[in-house]
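Remarks on the structure that follows.
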Amino acid sequence: MIQFLVQTPKNNEVDTSSFSFFLKKIKRTLKEEGRWLISIFIVGAICFYILFGMLFFLSSILEDKYGIDGIIKGLILAIPLGALCLSSFITGKKLGDDKNAIKWIIFSGIFAATVAVFGICYTENLYIFIAALVICGIGIGVALPSLDALITNGTEKDERGTITSIYSSARFIGVAIGPPVFAILMKLSHDILFFSVAGISAVATVLVLFFIKPPKLVRTDSLFQKVKR
């Protein structure tokens, strides 16, 4: 239906429908802005890796260790997700256009999640784990709309769709690998699992602090014109 019913708008300046142009567009964008964009992709993937991995872990221990299943387990899992959704909603409503401020909001959220995961390394108490997961949810919930805002405000309209698509794909790589990796590490030990997760979260914190440096102003020279030349 897309092939036959969706018509590509005609552009007299350049053939934007060609795949070669699409590849040139991605290549040039990543060459010029790759350092902070790729860092955002990695941080987004790490956030979802931690979130879905820890939810998988919580679901597993609730059922296997504590015998909690069904609706009750679902309600418990909804607690950290509710914290994430609420913090994400509030952050999205309050975010401005100051990219430097947005960067520090991301840093604060990831740092809070890192501290929470480090706290879990030293205990197997269920209540502490749920509390730490709530903090993780809040931190990740604060970071995600801020990462989206940086991509939206830091890239041209012409290239925004492509970059957003790559970013979304990167995030869902984290979703996909979180549960299976957690399942493997759970068989080793509690310490190995959560020290590794804390280390990965610390990597995300470092990436935000030192590598996410979006341009102060969106470039005015259109990427379409650059590629055409």
Side-chain angles (χ1 to χ4, degrees), residues 29 33 35-55 58 75-120 130-175 178 197-198 200-220:
T29 300
E33 311 290 353
R35 180 175 178 177
W36 69 273
L37 284 176
I38 293 174
S39 297
I40 286 181
F41 300 158
I42 296 173
V43 171
I46 290 175
C47 286
F48 275 81
Y49 166 78
I50 294 172
L51 176 64
F52 279 82
M54 292 183 69
L55 287 173
L58 177 59
L75 292 174
I76 295 174
L77 291 172
I79 295 173
L81 285 174
L84 183 148
C85 292
L86 182 60
S87 62
S88 182
F89 174 77
I90 295 173
T91 302
K93 295 287 285 185
K94 299 296 183 180
L95 275 179
D97 296 326
D98 188 339
K99 297 184 181 67
N100 188 56
I102 293 174
K103 170 183 174 175
W104 287 108
I105 291 172
I106 298 171
F107 175 81
S108 300
I110 303 297
F111 182 77
T114 303
V115 172
V117 176
F118 267 114
I120 304 172
I130 294 175
L133 189 50
V134 168
I135 296 174
C136 275
I138 294 173
I140 293 173
V142 167
L144 290 179
S146 304
L147 290 168
D148 294 339
L150 276 188
I151 289 180
T152 301
N153 295 331
T155 56
E156 284 191 19
K157 183 179 180 180
D158 294 340
E159 58 194 273
R160 194 172 297 153
T162 301
I163 298 303
T164 302
S165 299
I166 298 173
Y167 172 57
S168 297
S169 300
R171 295 199 308 184
F172 281 98
I173 291 174
V175 174
V197 176
I200 292 173
S201 185
V203 169
T205 306
V206 171
L207 287 175
V208 174
L209 185 61
F210 294 106
F211 292 92
I212 295 183
K213 296 179 179 180
K216 294 181 179 179
L217 296 173
V218 175
R219 298 185 310 280
T220 56

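All values below were derived from every heavy atom in this structure, side-chain atoms included, with hydrogens, water molecules and symmetry-related copies excluded. Fair warning: this is a prediction, and the values are worked out from it, not measured in the lab.
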Original post:
Taking only residues two or more places apart in sequence, or in another chain, which ones meet L207 in a side chain to side chain contact (heavy atoms under 4.5 Å, CB included)?
Top reply: S39, I42, V43, V203, F211
**OP:** Mind checking ring-ring contact (aromatic ring centres under 6.0 Å, His included) for F107 and listing every partner two or more places apart, or none if nothing turns up?
**Re:** W104, F111
Subject >> Nearest atoms (heavy-atom pairs only) where L147 meets Y167 >> reply: CB-OH, 3.3 Å
Subject >> Contact summary for A113 and C136, nearest pair of heavy atoms >> reply: O-SG, 3.6 Å
Original post:
Any side-chain heavy atom of I166 sitting closer than 4.5 Å to one from L37?
Top reply: no
Original post:
With sequence neighbours left out, what residues match T164 under side chain to side chain contact (heavy atoms under 4.5 Å, CB included)?
Top reply: I151, R160, S168
Original post:
Among L150, V142, L144, which one satisfies side chain to side chain contact (heavy atoms under 4.5 Å, CB included) with I106?
Top reply: L150
**OP:** Quick one: closest heavy-atom pair of P145 and L95, and the distance?
**Re:** O-CD1, 3.7 Å
Original post:
With no hydrogens and no angle check, is any side-chain donor or acceptor of S201 less than 3.5 Å from a backbone partner on V197?
Top reply: no
Subject >> Minimum heavy-atom distance A204-I110, with the two atoms named >> reply: CB-CG2, 3.8 Å
Original post:
D148 and R171: which non-hydrogen atoms are nearest, and at how many Å?
Top reply: OD1-NH1, 3.8 Å
**OP:** Looking only at non-hydrogen atoms, find the nearest pair between F210 and K213 and report the distance.
**Re:** O-CE, 3.4 Å
Original post:
Just how far is it from atom CD1 of I135 to atom OG1 of T114, taken to the nearest 0.5 Å?
Top reply: 12.0 Å
Original post:
Partners of A45 by side chain to side chain contact (heavy atoms under 4.5 Å, CB included), sequence neighbours excluded?
Top reply: none
**OP:** With rounding to the nearest 0.5 Å, note down the distance linking CD1 in I130 to CD1 in I120.
**Re:** 10.5 Å
Would you be so kind as to tabulate the donor-acceptor pairs closer than 3.5 Å made by side chains of residues 47-54, with sequence neighbours excluded?
none

Donor-acceptor contacts under 3.5 Å from residues 76-94 side chains, at least two apart:
{"residue": "S87", "atom": "OG", "partner": "A83", "partner atom": "O", "Å": "3.0"}
{"residue": "S87", "atom": "OG", "partner": "L84", "partner atom": "O", "Å": "3.0"}
{"residue": "S87", "atom": "OG", "partner": "I138", "partner atom": "O", "Å": "3.3"}
{"residue": "T91", "atom": "OG1", "partner": "S87", "partner atom": "O", "Å": "2.7"}

**OP:** Take N153 and I102 through the side chain to side chain contact (heavy atoms under 4.5 Å, CB included) test and state the conclusion after the steps.
**Re:** CA-CA 11 Å; N153 295 331; I102 293 174; 4.2 Å; yes
